[in-house]
Amino acid sequence: MTLSCKSIVFWLFILGPLTTCALVPADTSRKKISVPITAPGYQISDYASYLKEAITCFRQDSIDKGMMLLSKSIKNITLQKDVTRIMPYQGYEVFSLVNDIADNSHLSPAEKQLGKDFFKLVFTSQPGDKNADKILDGFLKNAPNTVFAKRLKLLTASFKGKSAVGTELNRLLKDSPELISANTMKAEMLFDEHKYRECITYCDQILAVWPQYAHAYQMRAKCYYNLDELDKAITDYNQAIKFFPGYFVLYYDRADCLIDLEKYKEAATDLRLTLQLKPNYSWTYYNLTRCYRNMDMPDSALYFINQHINQNADDGDGYNLKGDIYCDRNEYETAISLYTQAINLEPDRRTFYVDRGDAYYYADKLDDAIKDLQKAISIDKSYPFPYDRIGDCYYQKKQYETAITYHQKAVKADPTYKYAYVGLNLSYTQSGNYLEAIDAAKKAIGIDSTYANALGNLGWSCYCAGKFDDCIKYSYKALKYQDDATYAMFNIALATLAKGETGKAKQLYIDFIKTCKEKNYEIRDGATDDLRELIRKKVYVEESKFIIEHIFEQKVE
């Protein structure tokens, strides 16, 4: 990296965090009075004119005046807002070195001159001037063996990439273990290497010396996020925002944590703050869509995903998420069209085929669904859902043996995938293999003891196997975890009738129908179909007819 590039980096680190406030577009969500969110920020004054004048002085060999103006420019920024609080290593160290050189600090005359020569060279070198690099290497090589000189060497090495800093960083940390800049560089390197626990240790050391350093809180928060310790991450983001409330990235990153914690309203507030501070930033519109979709506010979700697509026309994820919104609304043909757009943009994305296949499944286009799901499997054989959904397709086609094969493949891909065991349970039950069905449902419950569908299906398999007491037991457990599981209610009443307790069974039917009407639960046809099946089998014929005619108030043909 030539010195001209170093100058660019220097400018980026100074200008990067300095943003002005902007208003987010109006929300189109549910009709409530919207309270404007005030985003904390700050203004940029005429520091750039000092910087420009400083460069002119450096070029005219007025080094002392150039350093004075450079220092004045930096102080002008920090008087408005201490931007060093959010700066990573390079930006922070540039500010610190300039201040050390300009102030009447502990630096020796030789160190001050070294620093002045360094910054003069940085600001006056021309693009592609490799000779400037040689000059810099020369006077750094002959520099006094002091902490200040080692800081300059480390900064110079860092411009060549973090892989080049190892030796200089270790020397500096050995001589000055509490030096903020060196510890920051070490923490950043550890984070880049995904060594999050070690990074946290260095962040702790930094914050013990400077408790207001927002960048250290931000780094530690990112570590906690990657370690899935989300509450700790949010605590650190809160601290970073406290010490630097005008930095948009902090709100954006905190929103990620809140989304993972399913705190969508709070996340949406943070994302709107992000847009106020940095209009059109990154994937803010996309994440706002996720929030409003999960808050069941589809109009707002559609508004923000359209904003995202307008900003990122070639992004398949945008079309895919928009397809999800239409799927939620049962508008499957529109969803399929959007998923197709996503696939056309990124034809190797497994999730796009999975989502379109799922939409085909719900649109009852089972062959198209199977085709897409097979394509997803060809891209990634380790994901259980496509196998399981293909099994569901064959179940709907009443090809139960084929369905069983695919549910088994899903279990093989992930033995903890509870949904595949429920698929197996259903297919085994339909094919008359009741013991296998019971075993499959019990495996699902072993993975998740609160899984209401598995408990309810287990109850029905037990009924089919003639285990009426077990049917009643498991059906009540299903109701414990899902109070609108009406099929479980009527399985309890049916099993009670099958046990010969006719009076109790009739009362259960009366009570369950009353509950459904009071709570507006749907009573499906299966409740009477099962009674009609008893009539067809000539079992409890009169009792079944009575329940259908006098309790359900339906005709018996």
Side-chain angles (χ1 to χ4, degrees), residues 392 394-404 407 421-442 444-445 452-480 482-518 521-557:
D392 294 339
Y394 282 111
Y395 179 87
Q396 294 297 328
K397 290 160 74 78
K398 302 185 185 301
Q399 298 179 26
Y400 302 121
E401 292 304 320
T402 305
I404 288 168
H407 291 311
Y421 292 106
V422 169
L424 279 169
N425 164 270
L426 291 170
S427 294
Y428 278 133
T429 300
Q430 288 294 335
S431 60
N433 298 318
Y434 302 127
L435 295 181
E436 289 90 340
I438 290 169
D439 181 63
K442 286 183 175 179
I445 295 164
N453 280 347
L455 289 162
N457 289 352
L458 176 55
W460 177 248
S461 298
C462 289
Y463 173 84
C464 293
K467 299 182 178 184
F468 304 126
D469 287 329
D470 284 344
C471 170
I472 294 167
K473 178 178 71 173
Y474 288 117
S475 297
Y476 271 120
K477 285 187 176 182
L479 285 170
K480 177 182 177 181
Q482 184 184 345
D483 58 6
D484 65 345
T486 56
Y487 68 93
M489 296 179 186
F490 295 113
N491 286 348
I492 292 168
L494 183 68
T496 303
L497 178 62
K499 287 176 64 179
E501 300 175 8
T502 56
K504 184 178 179 180
K506 291 175 183 178
Q507 189 59 50
L508 284 169
Y509 275 111
I510 292 169
D511 293 342
F512 287 141
I513 289 173
K514 181 182 178 181
T515 297
C516 291
K517 289 180 178 179
E518 287 175 350
Y521 293 159
E522 180 185 5
I523 300 176
R524 298 182 180 180
D525 292 340
T528 53
D529 288 345
D530 295 331
L531 291 166
R532 296 177 197 280
E533 181 65 14
L534 290 179
I535 295 170
R536 189 185 68 78
K537 291 181 177 179
K538 299 182 180 181
V539 179
Y540 297 107
V541 174
E542 294 305 318
E543 293 84 354
S544 297
K545 286 182 178 179
F546 178 87
I547 293 168
I548 293 171
E549 291 177 342
H550 297 282
I551 298 177
F552 283 98
E553 298 179 345
Q554 296 180 13
K555 291 183 178 181
V556 178
E557 295 177 358

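Predicted model, so just to flag it, every value in this text is computed and none were measured.
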Where [X] and [Y] come nearest, the two heavy atoms and their spacing:
X      : Y      : result
Cys516 : Met489 : SG-SD, 3.9 Å
Val556 : Ile535 : CG1-CD1, 4.2 Å
Leu479 : Ala485 : CD2-O, 3.4 Å
Ala465 : Ile438 : CB-CD1, 4.1 Å
Ala454 : Ala441 : O-CB, 4.0 Å
Leu494 : Trp460 : CD2-CZ3, 3.8 Å

Between [atom1] on residue [X] and [atom2] on residue [Y], distance to nearest 0.5 Å:
X      : Y      : atom1 : atom2 : answer
Cys462 : Asp469 : SG    : CG    : 10.0 Å
Asp530 : Tyr487 : CG    : OH    : 13.0 Å
Asp484 : Gln482 : CG    : CD    : 4.5 Å
Ser427 : Glu401 : OG    : CD    : 8.5 Å
Asn425 : Ser461 : CG    : OG    : 3.5 Å
Ile513 : Tyr521 : CD1   : OH    : 15.5 Å

Donor on one side chain, acceptor on other, Asp511 and Gln507, under 3.5 Å: yes
No-hydrogen, no-angle side-chain donor-acceptor test under 3.5 Å, Asn457 and Thr429: no
Do [X] and [Y] come within less than 4.5 Å of each other through their side chains, counting heavy atoms only?
X      : Y      : value
Thr486 : Thr515 : no
Asp470 : Leu458 : no
Leu534 : Val541 : no
Glu549 : Glu553 : no

Plane angle bin for Phe490 and Phe552 - parallel if under 30°, tilted between 30 and 60°, otherwise perpendicular: tilted
Reference residue Tyr540; test side-chain contact (heavy atoms from CB on, under 4.5 Å); the match among Glu543, Lys537, Lys538, Glu542: Glu543
Over 12 foreign heavy atoms within 6.0 Å of NZ, Lys504: no
Within 6.0 Å of NZ in Lys467, more than 12 heavy atoms from elsewhere: no
Test of ring centre spacing under 6.0 Å for Phe468 and Tyr463: yes
Check: Tyr394 ring centre within less than 6.0 Å of Tyr400 ring centre: no
Intermediate values then yes/no, side-chain contact (heavy atoms from CB on, under 4.5 Å), Gln554 and Arg532: CA-CA 11 Å; Gln554 296 180 13; Arg532 296 177 197 280; 3.0 Å; yes
Side chain Ser475, main chain Ile472, donor-acceptor under 3.5 Å: no
Test: Asp529 and Arg524 ion pair at under 4.0 Å: no
side-chain contact (heavy atoms from CB on, under 4.5 Å) assessment of Leu426 paired with His407: CA-CA 10 Å; Leu426 291 170; His407 291 311; over 6 Å; no
side-chain contact (heavy atoms from CB on, under 4.5 Å) assessment of Leu435 paired with Tyr428: CA-CA 8 Å; Leu435 295 181; Tyr428 278 133; over 6 Å; no
CA sep, side-chain torsions, deciding dist, call: Tyr509, Leu531, side-chain contact (heavy atoms from CB on, under 4.5 Å): CA-CA 11 Å; Tyr509 275 111; Leu531 291 166; 3.5 Å; yes
